[in-house]
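Counting starts at 1 for both ligands and their atoms, in listed order. Heavy-atom basis, side chains included; hydrogens, waters and symmetry copies ignored.
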Amino acid sequence: MTSSAAWRIEPVGPLFGDVSVRGSKNAVTKHMVAALLGDTPSQVTNAPQIGDVEITAGMLRALGAEVAIAEDAVVVDPQADLVGEVPVSFTGLNRIPILMLGPLLHRVGHVTVPLVGGDRIGARPVDFHVSALRALGAEVETTAEGVEAKAARLRGARIRLPYPSVGGTETVLLSAALAEGRTVLENSAIEPEVIELALFLQRMGARIELRPDRRFVIEGVERLSGASHRIGGDRIEAFSYLIAGLATGGRVRVYGCAQDRLVTAISTLHRMGARFEITDDWIEARADKLEPAVVQTHPHPGFMTDWQSPLVVLCTQADGMSVVHETVFEDRFAYIDALQAMGAEIELFDACLGGPGCRFHEADARHSVVIRGGRPLHGVEATIPDIRAGFAYVIAAAAAEGSSLLHDVHHLERGYSRPFESFAGLGLQITRIAG
Ligand code: UD1
């Protein structure tokens with residue numbers, strides 16, 4: 001991966017055209033981990049071409065599994081004797097090592113994984129994962145280098161997550177499927193990517209029920225076998241490209257992501273004045289005039305936190321004052337500086353604005369923004385801090401006057417499938433400068 005590559009972006013006015021999104025980043029890597037639980041190979045198709053898939057494949061290979069990637073298919077063969085240690089060279093690259101604990105405990109019984117990374121958008125602790133594994137009977141120790149866990153056999157337990165965490169829920173699903181007895185998980189995340197993982201595990205032979213009140217009930221089974229699945233479309237990418245069209249006054253048609261994954265995104269954009277055409281194959285958005293918005297991010301089915309940064313860019317183009325309250329991650333506005341440098345009028349607050357108080361009510365965390373829309377943006381030189389912010393910068397650069405230079409585009413290339421080609425296909429002029 002070229003860590004310091006940059007993009008020079010020349011705005012060309014409204015972006016028009018078609019974009020196809022692949023399977024979701026937040027699902028594909030979890031399916032690759034789930035494959036470790038099978039006693040035969042598993043395959044996922046519609047996999048995105050992203051750095052995270054390569055990183056996860058590298059981890060699985062280091063454990064002794066075979067991984068073959070060809071076009072959009074990823075095959076994981078977990079049948080060899082595995083080792084229980086994800087090498088420290090994978091420290092900080094993504095959130096996947098922590099999810100390996102449960103499956104590796106079943107396979108090896110004694111596991112060490114390095115510190116997890118992912119975007120710097122808040123403290124991102126792993127305490128829910130650790131507590132859940134302890135409840136399932138593992139001895140778990142966190143060290144300066146990572147997490148070490150031991151268990152002769154995991155046993156079902158009743159677990160309640162303090163917050164409906166996506167990763168926390170996935171750790172429990174991946175650990176309880178082969179545990180002895182019944183696990184009840186309360187206050188689960190029910191994001192489409194989580195449900196997709198639960199369905200994949202069911203396909204592998206797991207006994208999983210989803211009760212109406214955010215409760216999963218898992219009856220452990222003795223063995224799971226490999227399964228195949230076509231990964232559902234990436235709702236974060238789909239939303240981001242729709243915004244790229246709207247923010248530049250153009251019209252983008254997105255193929256490959258079903259409407260039901262975008263229901264809250266679509267209703268939010270409707271309120272802002274966007275008009276949609278929706279079919280089984282594609283979704284297209286346009287707007288003659290954008291109204292301001294008051295939006296809070298929430299766990300699914302609420303407005304997704306990863307949609308927040310493109311939405312803020314869109315609000316800079318709306319006619320009036322918008323308020324966005326981030327309630328999932330306490331530090332997800334690191335990109336605001338660059339938008340301000342481009343001329344956007346945005347103010348950050350530590351109060352909970354635009355809705356009821358959230359978990360960060362008393363934290364010293366600037367997690368609400370007020371955006372005065374309608375100010376022209378101009379080009380900027382900026383360094384991309386994380387995946388989602390990076391995409392927001394590109395949209396802002398496309399909506400601005402004058403060229404922009406964005407450094408550290410490797411964040412974009414880790415999380416989006418062929419973003420350079422997709423933006424170029426919409427007419428944006430981008431030059432990639434190798435680092
Ligand atoms: C996943 C997604 C990310 C998305 C997020 C919320 C992946 C690879 N990433 O991240 O794109 O923004 O869900 O939809 O799928 N928390 C704790 N302790 C824990 C775990 C989480 O306090 O042990 C907190 C987090 O700090 C955060 C909140 O719970 O405030 C939600 O985090 P979580 O849902 O776990 O996010 P991830 O799974 O890391």
Side-chain angles (χ1 to χ4, degrees), residues 23-34 48 50-53 55-56 59 92-102 113 115-135 140 142 147 159-175 185 187-197 214 231-232 234-237 239-240 261 264-265 296-311 325-333 358-361 363 365 367 386-392 411 414-416:
S24 95
K25 162 188 167 295
N26 285 354
V28 64
T29 45
K30 322 294 176 60
H31 284 67
M32 292 168 71
V33 176
I50 54 174
D52 249 7
V53 168
I55 293 168
T56 308
M59 282 180 213
L93 296 184
N94 65 14
R95 309 280 305 157
I96 298 306
I98 196 78
L99 296 174
M100 301 252 184
L101 284 170
V113 302
L115 288 175
V116 293
D119 295 314
R120 288 184 293 276
I121 54 182
R124 304 196 82 171
V126 292
D127 52 328
F128 301 169
H129 302 254
V130 169
S131 308
L133 286 164
R134 285 189 181 138
V140 189
T142 51
V147 183
I159 300 168
R160 183 175 173 82
L161 290 175
Y163 184 79
S165 149
V166 167
T169 304
E170 290 165 342
T171 274
V172 175
L173 293 175
L174 290 163
S175 307
L185 178 65
N187 205 25
S188 313
I190 50 166
E191 268 61 10
E193 298 80 11
V194 174
I195 303 296
E196 201 174 352
L197 178 66
R214 289 191 175 274
I231 301 283
D234 194 304
R235 63 197 171 113
I236 306 170
E237 284 200 24
F239 180 77
S240 305
R261 300 196 151 207
T264 312
Q296 296 195 70
T297 62
H298 282 298
H300 191 76
F303 189 90
M304 190 188 193
T305 169
D306 302 65
W307 291 332
Q308 178 254 95
S309 51
L311 180 81
H325 179 199
E326 169 60 57
T327 78
V328 180
F329 288 103
E330 69 275 33
D331 190 15
R332 208 163 201 181
F333 285 121
C358 72
R359 288 178 299 151
F360 311 130
H361 179 53
H367 66 292
D386 71 63
I387 296 177
R388 307 303 169 201
F391 204 100
H411 286 294
R414 175 166 82 82
Y416 291 86

Is any side-chain heavy atom of [X] closer than 4.5 Å to a side-chain heavy atom of [Y]?
| X | Y | result |
| --- | --- | --- |
| Val166 | Lys30 | yes |
| Leu311 | Phe303 | yes |
| Leu101 | Thr171 | no |

Side chain, backbone, both or neither: which part of [X] has a heavy atom under 4.0 Å from ligand 1?
| X | value |
| --- | --- |
| Glu193 | neither |
| Thr305 | side chain |
| Glu326 | neither |
| Lys30 | side chain |
| Asp127 | both |
| Tyr163 | side chain |

Enumerate the atoms of ligand 1 whose separation from the nearest heavy atom of [X] is less than 4.0 angstrom.
| X | value |
| --- | --- |
| Gly167 | 35 (O), 38 (O) |
| Val328 | 27 (C), 28 (C), 30 (O), 31 (C) |
| Val126 | 23 (O) |
| His129 | 23 (O) |

Heteroatom proximity flag, [X] to ligand 1, N/O under 3.5 Å:
| X | result |
| --- | --- |
| Asp306 | yes |
| Arg332 | yes |
| Glu170 | no |
| Phe360 | no |
| Pro164 | no |
| Pro125 | yes |
| Arg95 | yes |

Tell me which one of Glu326, Gln296, Arg388 satisfies side-chain hydrogen bond (donor to acceptor under 3.5 Å, both in side chains) with Gln308.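 Answer to the side-chain hydrogen bond (donor to acceptor under 3.5 Å, both in side chains) test with Gln308 among Glu326, Gln296, Arg388: Glu326.
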Please confirm whether Ala189 approaches ligand 1 to less than 4.0 Å, judged on its heavy atoms. no
If the contact criterion is a heavy-atom separation under 4.0 Å, does Arg359 count as touching ligand 1?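 Distance cut 4.0 Å: Arg359 passes for ligand 1.
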Is a side-chain N or O of [X] found less than 3.5 angstrom from the main chain of [Y], in a donor-acceptor match?
| X | Y | answer |
| --- | --- | --- |
| Arg214 | Ser188 | yes |
| Thr169 | Ala189 | yes |
| Asn187 | Arg160 | no |

Is it true that [X] and [Y] make a salt bridge, defined as a side-chain N closer than 4.0 Å to a carboxylate O?
| X | Y | answer |
| --- | --- | --- |
| Arg235 | Glu193 | yes |
| Arg95 | Glu170 | no |
| Asp306 | Arg332 | yes |

Please round to the nearest 0.5 Å and tell me the distance separating atom NE2 of His300 and atom CD1 of Ile195.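 His300 atom NE2 to Ile195 atom CD1 measures 8.0 Å (nearest 0.5 Å).
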Check the pair Trp307 / Thr297 against side chain to side chain contact (heavy atoms under 4.5 Å, CB included), numbers first and verdict last. CA-CA 8 Å; Trp307 291 332; Thr297 62; over 6 Å; no
